There are 2 protein chains.
Amino acid sequence: MLDEIDRVLVTRLQGDATQSYATLGEAVGLSAGSAHERVRKLRERGVIRRTTIDVDPASVSRGVLAFVMLGADAWMGDAATRDALTAIPEIQEAHIIAGTASALVKVRTATTEDLQALLRRLFAIDGVTSTQTIVVLESFFERPIDVDPGR
Amino acid sequence: MLDEIDRVLVTRLQGDATQSYATLGEAVGLSAGSAHERVRKLRERGVIRRTTIDVDPASVSRGVLAFVMLGADAWMGDAATRDALTAIPEIQEAHIIAGTASALVKVRTATTEDLQALLRRLFAIDGVTSTQTIVVLESFFERPIDVDPGR
DNA sequence: GCTGAAAATTCCCTTGA
DNA sequence: TCAAGGGAATTTTCAGC
C-alpha cells in the first residue's frame, strides 16, 4: 500500500517528472535524499512502471482517433491475436472485452483514409468477423490515473 | 515536421525519459549538447507535451478497466458536460464521438461495485439518457503513440 | 530519514560550419 | 540554421549516522 506521501509524490511526478528531488522533497516535507529513496522504491515495487513523455498526436501524423470493436467467431485472447494486433503500429491500445464484441482497440491515424486502410487490416486478422468503428470528434481530456492524494 | 533524428529521440524518450542527453546523443550521432537542444525545441514546439510517469493501475486501486458509451438527448460537447466529467476522478479519458452514442469515457475503478457507483454518477449528468458499459477482461497492451522512426 | 560530499548531468553561451 | 565545445551551476547518488 501507498501512504499519503507516496501518493503525493506519484501525483506530482505524473504532472512533471522533470522536477528535482529537492523540489519533490520540499512538497512533502522530506529531504531530497529521502524523496529520492521513496521514488526509487516506488519504481522497484513496480508502482511507477516507467518515466516517459507525452507526445502530441497531431504533431506526429496521428490526428485521427477512433475506437474499433472487433467481433469474432473464435476466442481472441490468444497469443496469435495479440501478436497480430501488436504488429499494427496505429493501434495504441488493445483489450479483450466482455459483451457482444471480443476486442476493443484504440487507434490513431493521420487521415480517415488511413483509418479505412487500418480497418481492412483488422478484418484480415484470423477470427475477426465484424468491426464497429467509433470515430472521436473531440477529446475532452486524456489524463493520468488519479491516485487520490489527500483522500 | 519532424526529421529522422527527432523521431528517434522521441521514440527513445517514450521508452525511457530518464536517460541522459549524452546517451540520447550517442544514439543519433549528436553531442549531448545538441541532443539537448533538439529535445528542448521539441518541447517548445509542443511535440513533447510533458514528461510524466506511467503508474501501474492495480497498485493504486484502479484494477478494473471499462469503457462506457453515453447516450444523450442533448449535445454533450459543451463546457458543462466537460466539467461534469472532469470532476469524476475515475474517468481517465473522455471523448465526444460520432455515431449512435454521444460520448465515450474510459474509466478505472478498484472494484466492480465502484464501477456500478460510477455508472450511477454518469447517469446523473445532465442530458445523459443511457449508458453502455464495456468491461475489459484483459489488456493486451497500452503503449505510446508510434512515431514511425525509420520509415 | 538526514546530512554532506563526490560524481554526473544539465544547461547556457560562444564559436564555427 | 544547426552542431560542437567549454564550463559553471544544479542535480543525482551514495556514503555514514
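Just so we're clear, the structure is a prediction, and the values are computed from it rather than from any experiment. We name chains A, B, ... by the order of the sequence lines, and we start the count at 1 in each one.
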### Task
Take the protein atom CG of B:Leu30 and the nucleotide atom C1' of C:dC11, then report the distance between them rounded to whole Å.
16 Å
### Interatomic distance, B:Glu4 CD vs D:dC2 P [rounded to whole Å]
16 Å
### Query
What nucleotide, of C:dT9, D:dC2, D:dA4, holds the atom closest to the side chain of B:Ser20?
C:dT9
### Task
Check whether the side chains of A:Arg43 and A:Thr51 place a donor and an acceptor atom closer than 3.5 Å, and report yes or no.
yes
### Message
Taking only side-chain N and O atoms of B:His36, does any of them lie within less than 4.0 angstrom of OP1 or OP2 on C:dT10?
### Response
no
### Query
Atom CD of A:Gln19 and atom P of C:dT10: how far apart are they, to the nearest Å?
16 Å
### Message
For C:dC12 and B:Arg40 - does any side-chain N or O of the residue sit under 4.0 Å from the phosphate oxygens OP1/OP2?
### Response
no
### Query
What do you reckon, is CG of A:Asp126 surrounded by more than 12 foreign heavy atoms closer than 6.0 Å?
no
### Query
Between atom CD in A:Glu37 and atom P in C:dT3, what is the gap in whole Å?
15 Å
### Query
In whole angstrom, what separates A:Glu26's CD from C:dC2's P?
13 Å
### A:Phe140 backbone acceptor or donor facing B:Arg82 side chain under 3.5 Å
yes
### Query
Expressed in angstrom and rounded to an integer, what is the separation of B:Arg38 atom CZ from C:dT10 atom C1'?
19 Å
### Query
Rounded to whole angstroms, how far apart are OH on A:Tyr21 and P on C:dT3?
19 Å
### Query
If you check the B:Ser34 side chain, which of D:dC2, D:dA3, C:dC2 turns out closest?
D:dA3
### Task
Between C:dG1, D:dA3, C:dC2, spot the one nearest the side chain of A:Ser31, thanks.
C:dC2
### Whole angstrom value for the distance that separates C1' of C:dG1 from CD1 of A:Ile5
10 Å
### Query
Do NZ/NE/NH1/NH2 and the carboxylate oxygens of B:Lys41 and B:Glu44 come within less than 4.0 Å?
no
